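For reference, the structure discussed in these notes is given below.
Note that this is a predicted model, so its numbers are computed, not measured. Every chain is numbered from 1 and lettered A, B, ... according to where its sequence line falls, protein lines coming before strand lines.
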2 protein chains.
Amino acid sequence: MRYEQLADLPCSITRPLVVLGDRWTLLILKEAFAGVRRFNAFQSNLGIPRSRLQDRLGRLVEHGILVRQQAADGDHAEYRLSRKGHDLYPILMAIKDWGDTYMAPDGPPVHYRHRECTGEARVTLACDCCGEPMTAHDVLPEAGPGLLAQVDAQG
Amino acid sequence: MRYEQLADLPCSITRPLVVLGDRWTLLILKEAFAGVRRFNAFQSNLGIPRSRLQDRLGRLVEHGILVRQQAADGDHAEYRLSRKGHDLYPILMAIKDWGDTYMAPDGPPVHYRHRECTGEARVTLACDCCGEPMTAHDVLPEAGPGLLAQVDAQG
DNA sequence: AGCGTCGGTCTCGAAAAGAGACCATCTCCG
DNA sequence: CGGAGATGGTCTCTTTTCGAGACCGACGCT
């Protein structure tokens, strides 16, 4: 019950990590982006224990990242990415870029290609004003409204 | 000992996650990017148990993500980001973007500003060939050299 | 009726996490 | 010299989480 309280901190990195930061959650989402929708498919693709998978899917549904519904044609359950879940894609692609660079000695196992050309999907960090690419060195953190709101609330 | 074997899979998302995917690792790295270098600072900023922190720092050093060294001036130990660690920044920023969007009802707690202008750091997924912005829908996975190498090796 | 598939649950032993005390080393300062 | 206070690091003990696999009820098919 201590760790979960990190979610109260006014930090947009910490808060998502309390939900996403564990052994399986991001792997489950990776499968979801690969088109997997069924309980048994997640389970056998990842080798995750069933009870664990049940927990994680439930948590993702609670957070509105996945939506559970009965499949139209048949009868079975389906877990699909919501908009909110869909927007997690850049996180996985950023991980992919790093993995391709540092953990793929034989080259990328998978190319994530642009459907309409031969290029590949690549994540970049840039300034939303001038468009310049950025690294950690170019960043200057500064208090924002979410922080001030929290300070105000606490008196 | 089963879960770790996921690192053998030819997938550039899975492999990093076996290292980074747990409660604390990415939070530790977030602190490192915020300039934290000392054991006690990580410990008290995050509230992580000391033994856990010891484990995680050790693992990050093993993987060459952090470098442990004696501080020049004093005597104490320092944990600093290597180049490899530094390159994890886009992952944290991608998480930040998502957190700002979905878990910051009062607005971003922190602005990550471009030092040289008023803009903010933002992660984008784009095609490295035509430069078009991309989403999951625009991506077509395709086998790459790392996958073929693994298939070859297994006969 | 019998079998297979489906999502989902239960149990139990093993692994990991949390807390907090404890340590050796070193520095500072009287 | 003799404490105090940092510092990074270790040890122990309890609680929580995880993993493996059996089990279950609903449904479909033949």
Side-chain angles (χ1 to χ4, degrees), chain A residues 1-9 14 17-28 31-32 35-62 65-81, chain B residues 1-9 14 17-29 31-32 35-63 65-81:
Chain A
M1 201 84 267
R2 181 68 155 292
Y3 170 78
E4 272 72 17
Q5 293 174 350
L6 287 173
D8 300 333
L9 292 179
T14 304
L17 280 176
V18 171
V19 179
L20 306 173
D22 74 272
R23 234 158 218 228
W24 294 112
T25 303
L26 285 168
L27 290 172
I28 291 169
E31 292 294 317
V36 170
R37 292 187 188 158
R38 304 189 36 177
F39 188 94
N40 284 348
F42 285 109
Q43 200 275 315
S44 57
N45 288 4
L46 293 171
I48 179 177
R50 302 176 71 77
S51 46
R52 208 70 20 234
L53 178 58
Q54 190 65 11
D55 282 358
R56 293 302 178 266
L57 289 174
R59 193 196 290 175
L60 289 170
V61 169
E62 265 177 40
I65 293 169
L66 294 180
V67 178
R68 184 186 188 285
Q69 53 191 203
Q70 294 304 115
D73 61 319
D75 45 327
H76 60 269
E78 267 192 1
Y79 294 89
R80 321 189 53 151
L81 287 159
Chain B
M1 201 87 269
R2 182 67 155 292
Y3 169 78
E4 273 71 17
Q5 293 174 352
L6 287 172
D8 300 334
L9 292 179
T14 305
L17 280 177
V18 172
V19 179
L20 307 173
D22 74 272
R23 233 159 218 227
W24 294 111
T25 302
L26 285 169
L27 290 172
I28 290 169
L29 290 166
E31 292 294 317
V36 171
R37 291 183 188 162
R38 308 194 26 181
F39 188 92
N40 284 348
F42 285 110
Q43 199 274 316
S44 57
N45 288 4
L46 293 172
I48 178 177
R50 300 177 72 76
S51 47
R52 207 70 21 235
L53 178 58
Q54 190 66 9
D55 282 359
R56 294 301 178 267
L57 289 174
R59 192 196 289 174
L60 289 169
V61 168
E62 266 178 38
H63 280 84
I65 292 170
L66 294 180
V67 178
R68 185 188 187 284
Q69 52 192 203
Q70 294 305 116
D73 61 319
D75 45 329
H76 60 268
E78 268 192 359
Y79 293 90
R80 320 189 53 151
L81 288 160

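Listed by chain and residue number, nothing satisfies the side-chain hydrogen bond (donor to acceptor under 3.5 Å, both in side chains) test with B:Arg23 (two or more places apart in sequence, or in another chain). Residues forming a side-chain hydrogen bond (donor to acceptor under 3.5 Å, both in side chains) with B:Arg50 (at least two apart in sequence, or on another chain): B:Asn40. A search for side-chain hydrogen bond (donor to acceptor under 3.5 Å, both in side chains) contacts involving B:Arg52 returns B:Asp55, not counting sequence neighbours. With sequence neighbours excluded, the residues satisfying side-chain contact (heavy atoms from CB on, under 4.5 Å) with B:Ala7 are B:Val18. Checked against side-chain hydrogen bond (donor to acceptor under 3.5 Å, both in side chains), A:Asp8 has no partners two or more places apart in sequence or in another chain.
Taking atom CG on A:Leu27 and atom C1' on D:dC18, their separation rounds to 15 Å, with Å as the unit. In this structure, A:Ile28 places its CD1 atom 13 Å from C1' of D:dC18, rounding to the nearest Å. Residue B:Phe42 contributes atom CZ, which lies 15 Å from atom C1' of D:dT7 at whole-angstrom precision. Regarding B:Gln70, its CD atom lies at a distance of 10 Å from the P atom of C:dC26, rounded to whole Å. If you take CD of B:Gln43 and P of C:dA19, they are 10 Å apart, rounded to a whole angstrom. Between A:Leu53 atom CG and C:dT9 atom C1' there is a gap of 13 Å when expressed in whole angstrom units. When the P atom of D:dT17 is taken as reference, atom CG of A:Asp22 falls 12 Å away, rounded to whole Å. Distance CG (B:Asp55) to C1' (D:dG9): 12 Å, rounded to an integer number of Å.
Under a 3.5 Å cut-off, the side chain of B:Arg80 and the backbone N or O of B:Arg37 do not form any donor-acceptor pair.
For C:dC6, neither phosphate oxygen OP1 nor OP2 lies less than 4.0 angstrom from any side-chain nitrogen or oxygen of A:Arg37. Contact between the side-chain N/O atoms of A:Gln54 and the OP1/OP2 oxygens of C:dG7 is not found at any separation under 4.0 Å.
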Legend entry - Contact state string [nucleotides 19-30 of chain D, B base, S sugar-phosphate only, - no protein heavy atom under 4.0 Å]: BB-B--------
